[in-house]
Amino acid sequence: MKYSKHTSDFYEVIRERRSVRIYDPSVVISDEEIKELIGEAILAPNAHNLNTWRFMVFTDQKLKDKLHPIALGQRQIREASAVIVMLGDMNAYTVENSDRINQKAVDAGFMTKEVKEKINNSIDDFSGHESEQTKREWLMIDSSLAAMQFMLAAKARGYDTVPMIGYDVEKFRKEFNIPKNLVNVVMIALGKGKETGFPTVRLEVDEVTYWNGKIN
């Protein structure tokens, strides 16, 4: 069974997206469509366009079963069509990575070689003297922006998602031999919900908004 409904109504997407934890295990989402979703996710903004995000995609049922206890027994791990583990790459903060990305922009005619060199030369000033903790915080911001965009893109196609930080990161890293430069950010279940997510409430806008530097 395959679901793929596109909607261009952004307001419908943001209002109907909910965290779903019960999925139809018969639904298969093709690798090609998951790649399209990732392609839409990585249009998200990111510092210096360094593309720090990385995506581990699990669609094989045996691997999802292996993930299940690592994710504290959450049923969506087994039932969802795919599980995506988002990581951030500490090695992205290099001139070499900047040059690789910006050369693509030069080849596409979006950037001159002079601008590319100027950007490349600024990378060390941007990140070369920052601590590992600061870079990790940057990775979390960039990857979280992409994660949200991924979930909205999925909803626009008629799919459901739920982001999860409730999993054993160390066991995951050991089980799948994650290199030190890749930092865990969030796990996302993707599929077609058998039940809708619970409706939720939010604080009113006036309860969470401060204007012009004045904090009440």
Within this structure, what is the [atom1]-[atom2] distance for the pair [X] and [Y], rounded to the nearest 0.5 Å?
| X | Y | atom1 | atom2 | answer |
| --- | --- | --- | --- | --- |
| Ile188 | Met148 | CD1 | CE | 8.5 Å |
| Ile119 | Ile123 | CD1 | CD1 | 8.0 Å |
| Glu16 | Leu152 | CD | CG | 12.0 Å |
| Thr134 | Tyr93 | OG1 | OH | 10.0 Å |
| Lys180 | Asn91 | NZ | CG | 11.0 Å |
| Glu79 | Gln76 | CD | CD | 8.5 Å |

Is the closest side-chain heavy-atom distance between [X] and [Y] below 4.5 Å?
| X | Y | value |
| --- | --- | --- |
| Leu190 | Ile34 | yes |
| Phe55 | Lys35 | no |
| Asn120 | Glu117 | yes |
| Val85 | Asn184 | yes |
| Pro163 | Met151 | yes |
| Ile42 | Phe150 | no |

Which pair of non-hydrogen atoms, one from [X] and one from [Y], has the smallest distance, and what is that distance?
| X | Y | answer |
| --- | --- | --- |
| Asn121 | Asp125 | O-OD2, 4.4 Å |
| Ser81 | Val28 | OG-N, 4.4 Å |
| Ala146 | Met86 | CB-CE, 3.9 Å |
| His48 | Ser122 | CE1-OG, 3.8 Å |
| Leu63 | Phe176 | CD2-CE2, 4.2 Å |
| Leu145 | Pro45 | CD1-O, 3.5 Å |

Would you be so kind as to tabulate the donor-acceptor pairs closer than 3.5 Å made by side chains of residues 203-214, with sequence neighbours excluded?
from: Glu207; atom 1: OE1; to: Glu204; atom 2: N; distance (Å): 2.8
from: Thr209; atom 1: OG1; to: Val205; atom 2: O; distance (Å): 2.7

Under a 4.5 Å side-chain heavy-atom rule over Ile, Leu, Val, Met, Phe, Trp and Tyr, are [X] and [Y] clustered together?
| X | Y | value |
| --- | --- | --- |
| Leu139 | Val95 | yes |
| Ile141 | Leu50 | no |
| Phe58 | Leu87 | yes |
| Val57 | Val183 | yes |
| Ile77 | Ile84 | no |

Side-chain donor or acceptor of [X] paired with backbone N/O of [Y] under 3.5 Å:
| X | Y | answer |
| --- | --- | --- |
| Gln74 | Ala71 | yes |
| Arg173 | Leu182 | yes |
| Asn102 | Ala105 | no |
| Arg54 | Asn51 | yes |
| Ser143 | Trp53 | no |

| query | Is the count of non-hydrogen atoms from other residues, nucleotides or ligands lying under 6.0 Å from Lys66 atom NZ greater than 12? | reply | no
| said: For the CD1 atom on Ile165, are there more than 12 heavy atoms of other groups (residues, nucleotides or ligands in this structure) within a distance under 6.0 Å? | reply: no
Using a strict cut-off of less than 4.0 Å between a Lys/Arg side-chain nitrogen and an Asp/Glu carboxylate oxygen, indicate whether [X] and [Y] qualify as a salt bridge.
| X | Y | result |
| --- | --- | --- |
| Glu40 | Arg157 | yes |
| Glu170 | Lys174 | no |
| Lys171 | Glu175 | no |

| field | Stepwise side-chain contact (heavy atoms from CB on, under 4.5 Å) test for His129 and Asp124 | value | CA-CA 7 Å; His129 309 292; Asp124 188 58; 3.9 Å; yes
| query | Which residues satisfy the ring pair (Phe, Tyr, Trp, His ring centres under 6.0 Å) test with His68, sequence neighbours excluded? | reply | none
Verify the distance criterion only: is there a donor paired with an acceptor across the side chains of [X] and [Y] at less than 3.5 Å?
| X | Y | value |
| --- | --- | --- |
| Asp65 | Gln61 | yes |
| Asp89 | Thr52 | no |
| Ser98 | Arg100 | no |

| request: For side-chain contact (heavy atoms from CB on, under 4.5 Å), just list the numbers for Met56 and Ile178, CA-CA rounded to whole Å, side-chain angles, deciding distance to a tenth of an Å, and then say yes or no. | output: CA-CA 10 Å; Met56 286 187 72; Ile178 306 301; 3.5 Å; yes
| Among Lys155, Lys194, Arg18, Arg17, which one satisfies side chain to side chain donor-acceptor pair (under 3.5 Å) with Asp160? | Lys155
| task | Let me see the working for Trp138 and Phe126 under ring pair (Phe, Tyr, Trp, His ring centres under 6.0 Å), right down to the final yes or no. | result | CA-CA 12 Å; Trp138 291 346; Phe126 168 62; 4.7 Å; yes
| Worked verdict on Val20 versus Thr196 for side-chain contact (heavy atoms from CB on, under 4.5 Å) | CA-CA 6 Å; Val20 172; Thr196 58; 5.8 Å; no
